[in-house]
Amino acid sequence: MQWRVIKTSTNSAALNMALDKAVMNSIIAGKSLPTIRFYRWQPSAVSIGFFQSLNDEVDVAKCKELGVDIVRRQTGGGAVYHDYNGELTYSIIGPEALFPKNINKSYELICGWICDALKDLGMSDASFVPINDIIVGGKKISGNAQTRSSKLLLQHGTILWDLDVAKMFSLLKVADEKIRDKMITAVEERVTRVKDHSSANLEQVEEAMIKAFTKNKEFAFDDFTVEEKQDAERIAREKYGNDEWNYKR
Amino acid sequence: MKVAAKKVSGGKLVRVKVDISDGRIASAKIEGDFFLHPESGVELLEASLLGTTILATDNELISRLTSVKDANSLDLVGFSVEDVVDVLKSALRSE
């Protein structure tokens, strides 16, 4: 099966989420190949999981003050700060049949590719921690989230390259229960970044990710189709850029 | 509104928000950073709690949620129906 790889594009939060949906629509219609894409977020943005309450998780006033976008994802998982200058996001979208049926196993498979990419960049102890995290030096460097519909699997996730952790946690409300649970009072101690371990820049991170994700796959570089871009603009307008969706919980 | 939350050991955060009217659950929200497939299943779980007496036992509540889970082939990742009931009961006990 041939895969399409779309190199890093930079978009708004709503459009990034909408592009995933547009690609899914196009694959279902038989018009696009299974796709691996990379992207950055401009403006920087906070995305929350499908099941989260926006006001419980995000300091909306602070986001507005700093010009940070907010979007609800189609996937579960937690709140994530996508810093334009500090993070690369990936999405992989393909037939469910190409991945393990068991959700935990599919996370392990795809996150294993990310670990391979990080090891390629010198982080030899990169490892997958169930359910959906990747750690280096015992700290989280990547979070991932998956959804399945219409016999397709979408998994997307972030690789922290150079994150302003203090800024991130000023935008997010971290539940006390989590901090208490891990007995760590300084949330900055829970995350790390590529820049702490490697001299690789974002382009090199993308290269390593492409190499790891396309191993043993037939693939070609391409762009979104015109139809996908138009569909994504519509979905961004109607759903991901809409308060009715973002504030539904 | 009564609210409670817990971090599931080895799993995710689950938060339950309930409103009570005449001794029964009038509204329920199950929130958190867990995964549930398909995602629409959360509304089915929430709806199944409506009208339940606040005196329902844990087993009754677990049974109710499990029925919905099984009937709709819901896959709960990072939490369980038992966790939801545990948090729901905490919420009901809260001030």
Side-chain angles (χ1 to χ4, degrees), chain A residues 47-58 72-80 96 99-108 129-133 140 143-157 172-184 245 247-249, chain B residues 1-19 27-50 65 68-70 72-91 93-95:
Chain A
S47 72
I48 62 169
F50 183 93
F51 306 103
Q52 293 188 299
S53 157
L54 196 153
N55 284 315
D56 283 353
E57 301 299 331
V58 183
R72 176 182 300 277
R73 299 190 303 271
Q74 183 60 47
T75 52
V80 181
E96 209 177 336
F99 302 91
K101 190 176 176 185
N102 178 276
I103 289 168
N104 292 324
K105 291 282 183 194
S106 63
Y107 272 117
E108 186 177 3
V129 176
I131 298 163
N132 59 320
D133 287 350
K140 181 173 173 177
N144 305 272
Q146 188 184 120
T147 184
R148 299 180 183 210
S149 71
S150 304
K151 299 190 178 164
L152 291 183
L153 177 151
L154 156 67
Q155 179 163 320
H156 51 202
L172 304 178
K173 299 175 184 173
V174 180
D176 286 343
E177 290 82 359
K178 274 191 166 177
I179 297 172
R180 242 191 338 265
D181 179 61
K182 296 184 187 294
M183 298 176 69
I184 298 173
W245 165 258
Y247 282 88
K248 67 183 285 181
R249 295 184 160 256
Chain B
M1 178 180 291
K2 292 175 175 291
V3 184
K6 83 169 186 184
K7 166 73 168 67
V8 174
S9 178
K12 299 296 184 182
L13 185 89
V14 178
R15 182 177 289 118
V16 174
K17 297 174 177 174
V18 286
D19 284 315
S27 77
K29 286 284 184 197
I30 303 167
E31 297 173 350
D33 61 357
F34 50 79
F35 298 93
L36 196 163
H37 303 272
E39 287 80 7
S40 55
V42 72
E43 291 174 1
L44 298 175
L45 292 173
E46 291 166 344
S48 77
L49 294 173
L50 300 183
L65 291 174
V68 172
K69 172 177 159 287
D70 291 346
N72 295 278
S73 302
L74 303 182
D75 202 334
L76 277 57
V77 180
F79 75 120
S80 65
V81 295
E82 287 81 2
D83 293 317
V84 174
V85 170
D86 187 31
V87 179
L88 170 60
K89 282 302 187 93
S90 294
R93 284 191 298 267
S94 69
E95 293 298 314

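Keep in mind it's a predicted model, so treat the numbers as computed, not measured. First the proteins, then the strands, lettered A, B, ... as listed; each starts at 1.
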* Asked: Non-hydrogen atoms of chain B under 4.5 Å away: do they reach the side chain of A:Ser149, the backbone, both or neither?
  -> neither
* Portion of A:Ala79 that has a non-hydrogen atom of chain B nearer than 4.5 angstrom ->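 Interface part for A:Ala79: neither.
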* Are A:Ser53 and B:Arg15 close enough that a side-chain donor and a side-chain acceptor fall under 3.5 Å? ->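 Looking only at side-chain atoms, B:Arg15 and A:Ser53 do not form any donor-acceptor pair under 3.5 Å.
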* Within the distance-only criterion (no hydrogens, no angle test), does the side chain of B:Asp33 pair as donor or acceptor with the backbone N or O of B:Lys12 below 3.5 angstrom? -> no
* **Polar side-chain atom of B:Lys2 near backbone of B:Ser94 as donor-acceptor pair, under 3.5 Å** => yes
* is_close_aromatic(A:Tyr107, B:Phe35), centroid dist under 6.0 Å ->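 Under 6.0 Å, so yes.
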* B:Leu36 versus chain A, heavy atoms under 4.5 Å apart: side chain, backbone, both or neither? -> both
